[in-house]
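Structure first, then comments.
Residue numbers begin at 1 in each chain, while the letters A, B, ... track the order of the sequences. The structure displayed is predicted, hence computed values, not measured ones.
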Amino acid sequence: MIAIMRREIQGYFYTATGYVAMGIFLIIASILFDLQILASRSGDLLTFLGQLSYLWMLFSPIVTMRLTSEDRQKQTDRLLLSSPVSLTGIVAGKYLAALFVLLLTVLSTFVYILITAMYGTVYPGELMVGYLGFVLQGMAFLAIDLFMSSLAASPVTAALLALGMNFVLWFLDLLSMTVPAGIGRVLDFISLYTRNEPFLMGQLSFASMIFDLSVIVLNLVLTIYFMDRRRRKGI
Amino acid sequence: MLEIRSVVRHYGKFCAVNNASFICPDKKITGLLGVNGAGKTTLMNIITGCMPAGSGDILMDGLALREHPADCRRKIGYLPERPPLYDEMTVQDYLAFVCRLREVERADIPGHVRNILELCGLSDMSGRLLGHLSKGYRQRAGIAQALCGDPPILVLDEPTVGLDPRQVSEMRELIRRLGENHTILFSSHILSEVQALCSRIVIIHHGRILKEAELGEESRLLRLSVKGKTEEVMRALRDVPDCSKVRLLAEAESGFVECEMELKQDAGQDAEVKLFRLLAARDLPLRRLSPAGDSLETLFLRVTDEEGGSR
């Protein structure tokens, strides 16, 4: 598992994938920081984090697109499947590599905290809670999009599938405000964005944490299941 | 030893491997011979654990793949038809990764990789990106990855496909050298290649194993042209002590009988002399006696024809 994680991390930075994902995220984040914090002379980093969380929608498909689909396309899956590592180990290794890139990106956003702290007041407690929700939400997107990658036969298809799925999740979140209250409550219950709201208010929500972790585990299990199914079918 | 026991595999209703059983003895190169679509790659994917069998067992030194998948995979190195290479990695980094994947001790990895690079003639290419290598070197890198972790069994799926004649010759030499210390199962549909490399052959056709034989056995096939009545010639040949099988090929109008004779495996080097003397004693003049040319081709065609040729 560690070997696979290391190789995938190398893969991100031997190719343009890692730089592109981090670059796009940080460019847009910097523009948002300028508009939300610097231009409006605000120290409200939690609202800023709430806006950043929409970027996972773009970031995650880029990071996960080649994780399993490229192995299938280039038939490097033969190497992994004939090795002593189990399918669970393979999927976990790949997910941890994507998580590494996510954490590196999150770490880069700490520069915004430093700049804000230089000119205003930062509340570490609520910021830590905000970041916890932000990272958990990103992790859930990675797991969903890794599952999408396991369904695709090429990285481009995987990216399109993941992007489509992320837009559906976003759209369902928007829809919850316009549909009847009963349906709206159901959509809110499964919305990754609504689930993140307590964190953005500085509240440590165990329900939201458990929800995010459940989404991650469910999607990783589905990834393993579909990869095993494909292995059994020999396709 | 690698043992394949009654392996069956279906793709939907299509039976790709039908009750296949054979063995690959230790430190011998076994050639898996079959036309395109015969089931070679499917069988190799099953043997290496990339795909499960519908039923049947794969045993490696007595360990069943179904019950001990991780232990069995440690014993096997696999070169698929398309080498599983990550183009963005250097040869050295890639081999180090495969070593880690195959659980080689961290401290042993540099030395292990160096030995493999040397053995496969890749030392000069160690710093090159895999994506920049020629077809021949990519194939070598494919074999090199199969050697990581020093598995005693190697499964090579058509390792010379797409190589130029010089590269084919180098690849054969490499496989021959590896065969001295490894149990190799090697698939090909090129008969001359199998003949040049393997000491043992397994013929697969339409997913069924039709023949399993030592290649030396097949080279003990003789072709004769003898003057005389067909029955007398055949009887005389059957009376040769080292003869195991006689087959009539043709009866020429000039009175010559063309036939093929298979010698027993334990036949001595003087088997041909005994044959000559026996025919002379029975007044059956011998016009020609030669090892049956293209014996593997003859065998392959005969075996697959008996099965009904192409579907």
Side-chain angles (χ1 to χ4, degrees), chain A residues 1-21 63 65-94 96-97 101 153-155 224-235, chain B residues 9-12 14 16-17 41-54 65 68-90 93-94 96-104 106 109 129-131 142 145-146 148-149 151 153 155 157:
Chain A
M1 183 180 84
I2 302 294
I4 291 172
M5 184 188 77
R6 279 182 62 176
R7 200 224 76 79
E8 292 298 340
I9 292 172
Q10 282 179 338
Y12 281 125
F13 298 104
Y14 282 174
T15 62
T17 317
Y19 302 106
V20 169
V63 173
M65 61 191 267
R66 38 173 288 284
L67 279 181
T68 61
S69 58
E70 196 175 57
D71 279 330
R72 193 171 163 193
Q73 188 184 38
K74 293 190 171 176
Q75 293 179 16
T76 39
D77 54 353
R78 297 275 176 269
L79 171 68
L80 304 179
L81 295 173
S82 62
S83 77
V85 184
S86 66
L87 261 183
T88 308
I90 294 171
V91 171
K94 285 173 180 287
L96 289 176
V101 180
S154 76
I224 295 165
Y225 171 76
F226 276 90
M227 281 178 70
D228 188 45
R229 189 163 168 256
R230 209 173 57 231
R231 185 182 78 90
R232 288 181 181 282
K233 283 191 165 183
I235 50 176
Chain B
R9 170 76 207 197
H10 286 87
Y11 291 117
F14 174 70
V17 179
T41 299
T42 300
L43 190 55
M44 289 189 149
N45 279 333
I46 292 169
I47 292 169
T48 52
C50 291
M51 180 194 289
L65 178 64
H68 308 277
D71 289 334
C72 284
R73 284 175 188 150
R74 275 182 204 106
K75 288 179 180 285
I76 208 158
Y78 181 31
L79 170 66
E81 197 172 345
R82 183 175 168 185
L85 308 177
Y86 293 98
D87 291 347
E88 71 275 13
M89 296 180 94
T90 63
D93 285 349
Y94 171 68
F97 157 64
V98 182
C99 285
R100 284 193 292 272
L101 199 64
R102 297 188 152 271
E103 300 166 351
V104 177
R106 184 192 284 255
I109 291 176
L129 290 178
L130 287 161
Q145 65 78 24
C148 289
I153 301 168
V155 175
D157 192 1

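Partners of B:A53 according to the side chain to side chain contact (heavy atoms under 4.5 Å, CB included) rule, which considers only residues two or more places apart in sequence or in another chain, are B:V7, B:I46, B:R66.
A distance of 12.0 Å separates SG of B:C72 from CD1 of B:I47, quoted to the nearest 0.5 Å. With rounding to the nearest 0.5 angstrom, the CG atom of A:L87 is 7.5 Å from the CD1 atom of A:I224. Between the CD1 atom in A:I2 and the CG atom in A:L96 there is a gap of 7.0 Å [rounded to 0.5 Å].
When each of B:A70, B:P83, B:C50 is checked for heavy-atom pairs under 4.5 Å with chain A, B:C50 comes out on top.
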May I have a list of the donor-acceptor pairs under 3.5 Å that connect chain A with chain B?
from: A:R7; atom 1: NH1; to: B:E88; atom 2: OE2; distance (Å): 3.1
from: A:R7; atom 1: NH2; to: B:E88; atom 2: OE2; distance (Å): 3.4
from: A:Y14; atom 1: OH; to: B:D93; atom 2: OD2; distance (Å): 3.1
from: A:D71; atom 1: OD1; to: B:Y86; atom 2: OH; distance (Å): 3.2
from: A:Q73; atom 1: O; to: B:R82; atom 2: NH1; distance (Å): 3.3
from: A:R78; atom 1: NE; to: B:N45; atom 2: OD1; distance (Å): 3.4
from: A:L81; atom 1: O; to: B:R73; atom 2: NE; distance (Å): 3.3
from: A:S82; atom 1: O; to: B:R102; atom 2: NH2; distance (Å): 3.4
from: A:R231; atom 1: NH1; to: B:G49; atom 2: O; distance (Å): 3.1
from: A:R232; atom 1: O; to: B:R9; atom 2: NH1; distance (Å): 2.8
from: A:R232; atom 1: O; to: B:R9; atom 2: NH2; distance (Å): 2.6
from: A:K233; atom 1: O; to: B:R9; atom 2: NH2; distance (Å): 3.2

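Contact annotation for B:P52: both backbone and side-chain heavy atoms come within less than 4.5 Å of a heavy atom of chain A. Only the side chain of B:V98 comes within contact range of chain A, with at least one heavy atom under 4.5 Å from a heavy atom of that chain.
For the pair A:L80/A:V85, no side-chain contact is recorded, criterion being any heavy-atom separation below 4.5 Å from C-beta on.
Taking every heavy atom of both residues into account, B:L101 and A:P84 meet most closely at O-CD, 3.6 Å.
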